[in-house]
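None of these values were measured; they are calculated from a predicted model. One-based numbering, in listed order, for ligands and for the atoms of each.
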Amino acid sequence: MHELSIAQGIAEIVEHHLPPGDRRRVRVVRLTVGEMAGVVADSLEFCFNAITAGTHLEGTVLEIAHVHVAATCRECGTAFAVQDSLFRCPDCGSVNVALTAGQELQVNEIELVDEAEEDP
Ligand SMILES: [Zn+2]
């Protein structure tokens, strides 16, 4: 399953960014996922929960920000939002367009639980 390997990648990125010896829990991981990244958000969350169960990442919430597909016309330079997979410039009708957004899949932010908060 595609989302499973992505979920594993996210867990690895989170582990990698945690300060060594920091035993605080991760509260939220914020992701940006483009509409054309080929990722089903529900499935990604399910896989992430499954692989982090029983680890110190258990209970981490994935917050997914979806990015719409956008493109720029190579003929006239018009930037436009792509709807219904219609890669055609709304200004001049050219199909010679460059994708500028919608394929990203990245971890933007990792939020940790404050120690004071966890141990009152
Ligand atoms: Zn154009």
Side-chain angles (χ1 to χ4, degrees):
M1 192 195 271
H2 183 57
E3 278 79 7
L4 182 59
S5 58
I6 294 171
Q8 277 164 342
I10 293 168
E12 277 168 28
I13 290 170
V14 173
E15 295 280 5
H16 187 74
H17 281 84
L18 289 180
D22 194 330
R23 298 184 57 88
R24 287 182 295 171
R25 283 188 39 234
V26 180
R27 189 211 305 266
V28 180
V29 175
R30 295 196 174 86
L31 306 169
T32 303
V33 177
E35 280 179 344
M36 281 183 66
V39 174
V40 179
D42 285 351
S43 179
L44 182 60
E45 284 173 27
F46 177 83
C47 291
F48 188 79
N49 289 342
I51 61 168
T52 56
T55 75
H56 67 278
L57 291 180
E58 182 168 3
T60 299
V61 175
L62 289 187
E63 272 187 18
I64 299 174
H66 296 276
V67 175
H68 294 295
V69 183
T72 300
C73 176
R74 287 198 178 100
E75 304 292 341
C76 71
T78 299
F80 59 98
V82 176
Q83 272 156 0
D84 304 322
S85 300
L86 205 64
F87 295 92
R88 181 189 292 272
C89 175
D91 257 23
C92 71
S94 170
V95 291
N96 185 11
V97 300
L99 211 59
T100 53
Q103 289 179 305
E104 49 278 272
L105 172 60
Q106 60 193 45
V107 174
N108 294 325
E109 211 176 306
I110 298 166
E111 190 180 311
L112 299 173
V113 176
D114 287 332
E115 270 168 290
E117 209 176 312
E118 198 177 18
D119 200 11

Inset, instruction - Answer yes or no: is there a donor N or O on one side and an acceptor on the other, between the side chain of Thr60 and the main chain of Val26, under 3.5 Å? - result: yes

Inset, instruction - Mind jotting down which residue pairs meet the salt bridge (Lys or Arg N to Asp or Glu O under 4.0 Å) criterion with at least one end in residues 42-70? Sequence neighbours excluded, please. - result: Arg30-Glu63

Legend entry - Near the Zn ion (ligand 1) (under 2.8 Å) - protein N, O or S atoms: Cys73 SG, Cys76 SG, Cys89 SG, Cys92 SG

Legend entry - From Leu31, Ile6, Ile64, residue fulfilling side chain to side chain contact (heavy atoms under 4.5 Å, CB included) relative to Val39: Ile6

Inset, instruction - Determine yes or no for a side-chain-to-main-chain donor-acceptor pair under 3.5 angstrom, with Thr100 supplying the side chain and Ala70 the backbone. - result: yes

Legend entry - Separation of Leu62 CG from Ile10 CD1 (nearest 0.5 Å): 5.5 Å

Inset, instruction - Please report the C-alpha distance between His56 and Glu15 in whole Å, then the side-chain angles of each, then the deciding distance to 0.1 Å, and finally whether the side chain to side chain contact (heavy atoms under 4.5 Å, CB included) criterion is met. - result: CA-CA 10 Å; His56 67 278; Glu15 295 280 5; 3.2 Å; yes

